[in-house]
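The sequence lines fix the lettering, A, B, ..., with proteins before strands; numbering per chain opens at 1. Values in this document were obtained by computation on a predicted structure and should not be read as measured data.
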Protein chains: 2
Amino acid sequence: MSASGSRRLGVPPTPGAAWDRSGAWASIPERLREQGLRWTPQRRLLVEVLAQTDGHVTGGELVERCREADTTTIPSTVYRTLDVLEELGLIRHCHGVDGREEFHVLPETEHGHAYCNECGRSWDVEVEEVGAMLASFQERRGFEVDLSHLTVAGRCRDCRGAGGTGEAAVE
Amino acid sequence: MSASGSRRLGVPPTPGAAWDRSGAWASIPERLREQGLRWTPQRRLLVEVLAQTDGHVTGGELVERCREADTTTIPSTVYRTLDVLEELGLIRHCHGVDGREEFHVLPETEHGHAYCNECGRSWDVEVEEVGAMLASFQERRGFEVDLSHLTVAGRCRDCRGAGGTGEAAVE
DNA sequence: GCACTAATTGCAACTAGTCGCAATACGAGA
DNA sequence: TCTCGTATTGCGACTAGTTGCAATTAGTGC
């Protein structure tokens, strides 16, 4: 495959302009149609599943949940719809430490992730924490970093044995 | 994929601090045996292939090259041997933007990678460039970052210039 | 309500990689 | 040189995701 494959770097949702979540879901059919795309039962099902999801999900989990609602769900349809929804800015995908795909639903702010290789927990990484790095890439390389795709692997405080709390663990 | 093979662009390997590569390879059999592991023909083949490799390779490419030398090569054996060699520190693996595994042979310094989503090129990211981020993770979260596993995705200078889609997309 | 056409789906085959298990064979010790 | 324990291999099945293609169908125009 080529790096420019089906997964384009869509323009991310503007962070400040916090979306009305329910509104965002409701407008999907017309937003699709505006672009000559279609609103199908399969897409509606996935959107319903997504609307009940908070935080991160893997593609496999989404396929699973769709299949619970409709046993005839086909994985390739789910993954293709996920691509379309990502282009619409409703979800963002990134890769966990193991390289597996993960999706964020309606990311309110662009953020990256930190994963602990040992316990497998993950944390959101906000722009402030890596702002200097982003700026340095911009200046030194002219490189525009896609924060939502940033995955930082390593060992968390707990696993290093330093004691302390695993704040805001996601999983 | 059009641009396969090793792509090391931008920051070149540190010229002075070169290891004695042949020495590192030569000591593998005994290093394995020291740990109660074994030196097999399959492992020797993979090590030979690796010794002729510079920069980054995907697992698939390695399987391919081993198969060229020995058509009976089994993928799972290659991947398992890769794990063993990583434990020995002879290679490091990371994940490209598409989540696919990539291996570095004999990494001279711990480094991360920057990938351009559009042209697919990649660059090494040395510790100086992300030092502040590493330190901040350490202090604020007690999190020890594994730099060699860091993949920064985004758009490179050339693609931002050529694409002309405007810097307005940056958030 | 009907026809048309291009977007979408379902399917099957494929890529990349992992895992469990029985058979093989490395290499330490006799 | 032979024996033996166990690391490793080969294999087949499986997970996660992608792709090409023919059949289906959403949605526009009449």
Side-chain angles (χ1 to χ4, degrees), chain A residues 1-8 28-47 56-67 69-88 91 93-103 120, chain B residues 1-2 4 28-47 56-67 69-88 91 93-103:
Chain A
M1 71 161 273
S2 74
S4 58
S6 51
R7 259 161 200 142
R8 290 192 327 101
I28 296 175
E30 53 192 85
R31 291 185 60 202
L32 284 168
R33 282 191 276 258
E34 270 165 26
Q35 298 185 39
L37 305 175
R38 292 173 187 176
W39 183 235
T40 67
Q42 293 84 349
R43 289 184 176 176
R44 193 178 55 227
L45 173 58
L46 178 58
V47 166
H56 315 113
V57 237
T58 64
E61 272 163 8
L62 290 170
V63 171
E64 191 72 13
R65 293 191 207 168
C66 286
R67 223 196 284 270
D70 177 357
T71 53
T72 67
T73 298
I74 301 296
S76 58
T77 300
V78 173
Y79 287 109
R80 280 187 285 219
T81 302
L82 252 7
D83 283 348
V84 171
L85 296 178
E86 184 157 15
E87 258 162 70
L88 250 49
I91 54 172
H93 88 279
C94 61
H95 298 275
V97 251
D98 53 1
R100 208 150 285 176
E101 264 188 328
E102 283 198 3
F103 296 87
Chain B
M1 170 146 169
S2 43
S4 60
I28 297 175
E30 53 193 84
R31 292 185 59 200
L32 284 169
R33 281 191 277 259
E34 271 165 25
Q35 298 186 40
L37 305 175
R38 291 171 186 179
W39 183 235
T40 67
Q42 294 83 349
R43 289 183 176 178
R44 193 178 56 227
L45 173 58
L46 178 57
V47 166
H56 315 115
V57 238
T58 64
E61 274 163 6
L62 290 170
V63 170
E64 190 73 13
R65 293 191 206 167
C66 286
R67 222 195 286 270
D70 178 356
T71 53
T72 67
T73 299
I74 300 297
S76 58
T77 300
V78 174
Y79 287 108
R80 282 187 285 219
T81 302
L82 252 7
D83 285 346
V84 171
L85 296 177
E86 184 156 16
E87 257 160 70
L88 251 50
I91 54 173
H93 88 279
C94 61
H95 298 275
V97 250
D98 53 2
R100 209 150 286 178
E101 263 188 330
E102 284 199 2
F103 295 87

S.K.: Mind running a 4.0 Å heavy-atom check of residues 75-85 of chain B against DNA chain D and sending the residues that fall below it, in number order?
M.R.: B:Ser76, B:Thr77, B:Arg80
S.K.: To the nearest 0.5 Å, how far apart are CH2 in B:Trp39 and CZ in B:Arg33?
M.R.: 8.5 Å
S.K.: Whole-Å distance between C:dG10 P and A:Arg67 CZ?
M.R.: 11 Å
S.K.: Over all strands shown, is B:Gly99 touching base, sugar-phosphate only, or nothing at heavy-atom distances under 4.0 angstrom?
M.R.: nothing
S.K.: How far does CZ of A:Arg44 sit from OG1 of A:Thr81, to the nearest 0.5 angstrom?
M.R.: 12.5 Å
S.K.: List the steps, then state whether side chain to side chain contact (heavy atoms under 4.5 Å, CB included) holds for A:Tyr79 with A:Val63.
M.R.: CA-CA 8 Å; A:Tyr79 287 109; A:Val63 171; 4.1 Å; yes
S.K.: Testing the basics here: between A:Cys66 and A:Thr73, what is the closest heavy-atom pair and its distance to 0.1 Å?
M.R.: O-OG1, 3.3 Å
S.K.: Assign each of A:Thr73 and B:Trp39 to its nearest nucleotide of DNA chain C by heavy atoms, then name whichever residue's nucleotide is nearer the 5' end.
M.R.: A:Thr73
S.K.: Between C:dA25 atom P and B:Arg43 atom CZ, what is the distance in whole Å?
M.R.: 15 Å
S.K.: How many angstroms lie between atom CZ of A:Arg67 and atom OG1 of A:Thr72, to the nearest 0.5 angstrom?
M.R.: 9.0 Å
S.K.: Apply side chain to side chain contact (heavy atoms under 4.5 Å, CB included) to B:Asp83 and list each qualifying residue two or more places apart in sequence or on a separate chain.
M.R.: none
S.K.: In whole Å, I'd like the distance from the CZ atom of A:Arg33 to the P atom of D:dT28.
M.R.: 7 Å
S.K.: How long is the gap from CD on A:Glu102 to OG1 on A:Thr58, to the nearest 0.5 Å?
M.R.: 7.0 Å
S.K.: Without decimals, in angstroms, what is the distance between A:Leu46 CG and C:dT9 P?
M.R.: 10 Å
S.K.: I want to confirm an ordering. Mapping B:Glu101 and B:Pro41 to their closest nucleotides on DNA chain C, which one lands closer to the 5' end?
M.R.: B:Glu101
S.K.: Which angle, rounded to 10°, do you find between the first-five-pair axis and the last-five-pair axis of the helix from C:dG1-D:dC30 to C:dA30-D:dT1?
M.R.: 10°
S.K.: Can you measure B:Ile74 atom CD1 to C:dA16 atom C1' for me and round it to whole angstrom units?
M.R.: 15 Å
S.K.: Starting at NE2 of B:His95, measure out to CG of A:Asp98 and round the result to the nearest 0.5 Å.
M.R.: 6.5 Å
S.K.: Expressed in angstrom and rounded to an integer, what is the separation of A:Arg100 atom CZ from D:dT18 atom P?
M.R.: 13 Å
S.K.: Main chain of B:Arg38, side chain of B:Arg43: is a donor-acceptor contact present, judged purely on distance under 3.5 Å?
M.R.: yes
S.K.: I want to check one thing: is the phosphate of D:dG10, taken as OP1 and OP2, less than 4.0 Å away from some side-chain N or O of B:Gln42?
M.R.: yes
S.K.: Can you tell me how far CD1 of B:Ile91 sits from CG of B:Leu46, rounded to the nearest 0.5 angstrom?
M.R.: 7.0 Å
S.K.: Can you list the residues that meet the side-chain hydrogen bond (donor to acceptor under 3.5 Å, both in side chains) rule with B:Glu86, with sequence neighbours excluded?
M.R.: B:His93
S.K.: Can you name the side-chain hydrogen bond (donor to acceptor under 3.5 Å, both in side chains) partners of B:Arg80, sequence neighbours left out?
M.R.: B:Ser76
S.K.: Polar atom pairs between nucleotides 3-6 of chain D and protein, under 3.5 Å, N or O only, would you list them?
M.R.:
unit_1, atom_1, unit_2, atom_2, d
D:dG5, N2, B:Arg38, NH2, 2.6
D:dT6, O2, B:Arg38, NH1, 3.1
D:dT6, O2, B:Arg38, NH2, 3.1

S.K.: To the nearest Å, how far apart are B:Phe103 CZ and C:dA16 P?
M.R.: 13 Å
S.K.: Mind calculating the distance between NE2 (B:His93) and C1' (C:dA16) to the nearest angstrom?
M.R.: 14 Å
